[in-house]
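Here's the structure we're looking at; comments come further down.
Residue numbers begin at 1 in each chain, while the letters A, B, ... track the order of the sequences.
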Number of protein chains: 2
Amino acid sequence: MIAGKTENGAGVSVDRMIQPMLLLLILKKPTHGYELIQSFNALHEGEIVEPGTIYRNLRRMEKEGFVLSSWEASESGPARRKYDITEDGIKALREAVLKLEQQKQQIEDFLNEYKDLTARGDIDEN
Amino acid sequence: MIAGKTENGAGVSVDRMIQPMLLLLILKKPTHGYELIQSFNALHEGEIVEPGTIYRNLRRMEKEGFVLSSWEASESGPARRKYDITEDGIKALREAVLKLEQQKQQIEDFLNEYKDLTARGDIDEN
DNA sequence: TAAACCTATGTGCATCATGCACTTATCAAT
DNA sequence: ATTGATAAGTGCATGATGCACATAGGTTTA
């Protein structure tokens with residue numbers, strides 16, 4: 001439970017990965033917020049991402065120049081805001097990838113330290 | 001740059017790992033805040049952790065029953081608050097480990113998806 | 001002895017991201 | 001006309017952090 005806690009607990013999982021994940025999804029296939037929410041929640045079952053979080057991240061990323069939006073008519077339903085990634089967005093994605101690699105390494109280091117401890121029997125298993 | 005941003009940018013690295021890292025350090029060797037700050041900043045060079053963040057996390061964890069503190073005299077210097085981990089703290093550490101394993105997996109999944117894309121040449125390398 | 005410095009702990013304020021709940025709006029179907 | 005799915009968004013509260021500052025004990029030095 002960290003950051004905007006509740007039973008969901010963004011302290012984990014998709015935590016702080018929303019921006020790069022959105023950028024990657026948009027890079028793969030330019031689309032709109034509603035579908036991104038579907039993709040997100042289909043991808044990580046159980047881990048529901050708040051619509052508000054998606055929409056706010058999209059608007060913020062547009063403000064920062066990582067994506068561009070354009071209104072698009074739907075065959076059946078209200079108009080949607082379709083997002084495309086920009087050059088800056090691709091750059092931001094690359095930087096995020098580098099940071100995530102570092103983060104993964106840090107987590108691995110931590111987990112290894114923990115395992116060393118349990119292996120030595122300094123801590124019980126159950 | 002996420003959460004309390006500035007040039008430091010906790011959005012990465014030690015991001016949201018402070019609590020489990022502190023618990024692990026204290027489990028290995030009960031100690032006080034100031035030394036934990038040293039350990040932290042020695043461990044991850046370049047990534048400076050704010051003293052305020054450490055102290056606040058320690059007090060919070062004590063309020064939640066994960067650690068216990070006791071004042072202790074120093075040979076040379078002001079008294080320090082020495083922290084010991086509790087059973088609940090060990091439990092919390094174990095839970096954090098599980099979540100970090102999940103988080104690591106998510107990062108890996110993401111990085112693999114990204115690599116698939118670059119491998120297909122859908123995105124330039126530089 | 002006073003000033004300067006290191007050790008040690010902490011707080012106040014601003015910023016940022018998220019969860020939860022709610023609102024608005026379009027379109028289709030009943 | 002009402003209901004329901006699609007689609008986008010906002011307001012408020014909560015929580016974590018950075019930065020700067022405050023406080024205080026102890027040691028060293030001028």
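Of the charged side-chain nitrogens involved, at least one lies within less than 4.0 Å of a carboxylate oxygen, so that A/R60 and A/E64 count as a salt-bridged pair. Under 4.0 Å is where a charged nitrogen must lie from a carboxylate oxygen, and between A/E72 and A/R81 no such pair does. By the 4.0 Å N-to-carboxylate-O rule, A/E113 lies close enough to B/K28 to be salt-bridged with it.
We find that CD of A/E62 is positioned 12 Å from P of D/dA8, with the value rounded to whole Å. Between A/L36 atom CG and D/dA7 atom C1' the separation is 12 Å, expressed in whole Å. What separates CD of B/E35 from C1' of C/dC6 is a distance of 15 Å, to the nearest Å. In this entry the distance linking CZ of A/R80 with C1' of D/dT6 reads 8 Å, nearest Å. To the nearest angstrom, P of D/dG18 lies 11 Å from CZ of B/F40. Rounded to whole angstrom, the span from the CD atom of A/E50 across to the P atom of D/dG15 amounts to 16 Å. With rounding to whole Å, B/M21 atom CE is found 17 Å from D/dA16 atom P. In this structure, the CG atom of B/N57 is 13 Å from the C1' atom of D/dG18, given to the nearest Å.
Side-chain N/O atoms of B/Y34 include none lying less than 4.0 angstrom from OP1 or OP2 on C/dT9.
Pairing each heavy atom of A/S39 with each of A/L25, the nearest pair is CB-CD1, 4.3 Å.
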Extract from the structure each pairing of a protein N or O with an N or O of nucleotides 24-30 of chain D at less than 3.5 Å, listing the distance.
none

Scan nucleotides 9-11 of chain D against the protein and return all N/O pairs shorter than 3.5 Å with their distances rounded to 0.1 Å.
| residue | atom | partner | partner atom | Å |
| --- | --- | --- | --- | --- |
| D/dG9 | OP1 | A/R59 | NH1 | 2.6 |
| D/dG9 | OP1 | A/R81 | NE | 2.8 |
| D/dG9 | OP1 | A/R81 | NH2 | 2.8 |
| D/dG11 | O6 | A/R56 | NH1 | 3.1 |
| D/dG11 | O6 | A/R56 | NH2 | 3.1 |

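Annotation: the span from B/Q19 atom CD to B/L58 atom CG amounts to 10.0 Å, rounded to 0.5 Å. Atom CE of residue A/M21 and atom CD1 of residue B/I107 lie 9.0 Å apart, to the nearest 0.5 angstrom. To the nearest 0.5 Å, atom CG of residue A/L93 and atom CZ of residue A/F66 are 10.5 Å apart.
Closest to the side chain of B/R60, out of D/dG18, D/dA16, D/dA7, is D/dA16.
Using modelled atom types, one finds a donor on one side chain and an acceptor on the other under 3.5 Å when comparing A/D109 with A/Q105.
B/I37 comes within contact range of no nucleotide atom at all, as no heavy-atom separation falls under 4.0 Å.
Checked by atom type and distance alone, the side chain of A/T53 never pairs as donor or acceptor with a backbone atom of A/V49 at under 3.5 Å.
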